[in-house]
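Step one of this worksheet: look at the structure below.
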Amino acid sequence: QVQLVESGGGLVQPGGSLRLSCAASGRIFSTNAMGWYRQAPGKQRELVARITSGGSANYADSVKGRFTVSRDNAKNTMYLQMNSLKPEDTAVYYCNLGQLWGDYWGQGTQVTVSS
């Protein structure tokens with residue numbers, strides 16, 4: 001089984017920053033397909049950012065220029081640096097790892113942006 005553990009969420013004021021981490025462990029076949037998703041109350045889960053093992057990344061339009069996804073392949077860890085946070089960024093953020101046989105998800109970490 002694969003385990004994904006997110007950390008770094010919390011309460012931050014608008015304009016502030018947070019850094020999320022996702023550590024993957026277990027019987028991992030590949031960490032090539034990793035990404036961050038979020039789900040706000042009343043909304044569908046949406047892609048925030050994803051990154052390949054080679055460092056190629058893409059972002060949702062809503063976070064471009066503010067969020068940066070990165071990874072440390074040796075540690076099987078992915079990060080999400082979130083700057084200039086807005087109230088609309090408030091959501092539960094989930095780490096995702098795609099494997100050939102399906103997807104794995106972390107438990108989620110709450111990010112709340114409020115004054």
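Residues satisfying the side-chain hydrogen bond (donor to acceptor under 3.5 Å, both in side chains) test with Ser17, not counting sequence neighbours, are Asn83. Considering only residues two or more places apart in sequence or on other chains, Arg19 meets the salt bridge (charged side-chain N to carboxylate O under 4.0 Å, His left out) condition with none of them.
For Gln44, the CD atom is loosely surrounded, since the number of other residues' heavy atoms within 6.0 Å does not exceed 12.
Using a 4.5 Å heavy-atom threshold, the side chains of Val92 and Thr109 count as separate. Under the 4.5 Å side-chain criterion, counting only non-hydrogen atoms from C-beta, Met34 is in contact with Cys22. Using a 4.5 Å heavy-atom cutoff, the side chains of Glu6 and Tyr93 are not in contact. Contact annotation: the side chain of Pro87 never approaches that of Ser114 to less than 4.5 Å [non-hydrogen atoms, C-beta and beyond]. Residues Gln39 and Glu46 are not in side-chain contact: their nearest non-hydrogen atoms beyond the backbone lie 4.5 Å or more apart. Between Thr90 and Gln110 there is a side-chain heavy-atom pair separated by less than 4.5 Å. A 4.5 Å side-chain heavy-atom check between Leu18 and Val111 finds at least one atom pair inside the cut-off. When side chains are defined from C-beta on, Lys86 counts as touching Arg66, because their heavy atoms get closer than 4.5 Å.
Grouping the Ile, Leu, Val, Met, Phe, Trp and Tyr side chains by contacts below 4.5 angstrom, directly or via other members, places Ile28 with Leu4. Note: the hydrophobic cluster containing Leu100 does not contain Trp105 (ILVMFWY, side chain heavy atoms under 4.5 Å, direct or indirect links). Each of Tyr94 and Phe67 belongs to its own hydrophobic cluster when Ile, Leu, Val, Met, Phe, Trp and Tyr are linked at side-chain heavy-atom distances under 4.5 angstrom.
The CD atom of Gln3 sits 10.5 Å away from atom CZ of Arg27, with the distance rounded to the nearest 0.5 Å. Here CG of Asn32 is found 5.5 Å from OG1 of Thr52. Values are rounded to the nearest 0.5 Å. Considering OG of Ser70 and CD of Gln81, their distance stands at 8.0 Å, rounded to 0.5 Å.
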Determine, step by step, whether Cys95 and Trp36 satisfy the side chain to side chain contact (heavy atoms under 4.5 Å, CB included) criterion, reporting the C-alpha distance in whole Å, the side-chain angles of both residues, the deciding distance to 0.1 Å, and the verdict. CA-CA 5 Å; Cys95 178; Trp36 290 99; 4.2 Å; yes
Could you walk me through whether Ser21 and Lys75 pass side chain to side chain contact (heavy atoms under 4.5 Å, CB included), step by step? CA-CA 11 Å; Ser21 298; Lys75 298 180 179 179; over 6 Å; no
Give the intermediate values and the outcome of side chain to side chain contact (heavy atoms under 4.5 Å, CB included) for residues Leu80 and Thr68. CA-CA 6 Å; Leu80 184 67; Thr68 302; over 6 Å; no
Step-by-step side chain to side chain contact (heavy atoms under 4.5 Å, CB included) determination, Val2 to Leu97: CA-CA 9 Å; Val2 175; Leu97 172 63; 3.7 Å; yes
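No side-chain donor from either of Tyr37 and Arg45 sits under 3.5 Å from a side-chain acceptor of the other. A donor atom on one side chain and an acceptor atom on the other are not found under 3.5 Å apart for Ser53 and Asn73.
Just one residue in the list Val12, Asp89, Leu20 forms a side chain to side chain contact (heavy atoms under 4.5 Å, CB included) with Met82, and that residue is Leu20.
Minimum heavy-atom separation, Arg38 to Ala91: CB-CB, 3.8 Å.
Tyr79 does not carry Arg71 over the face of its six-membered ring by the limits of under 6.0 Å from the centre and within 45° of the normal.
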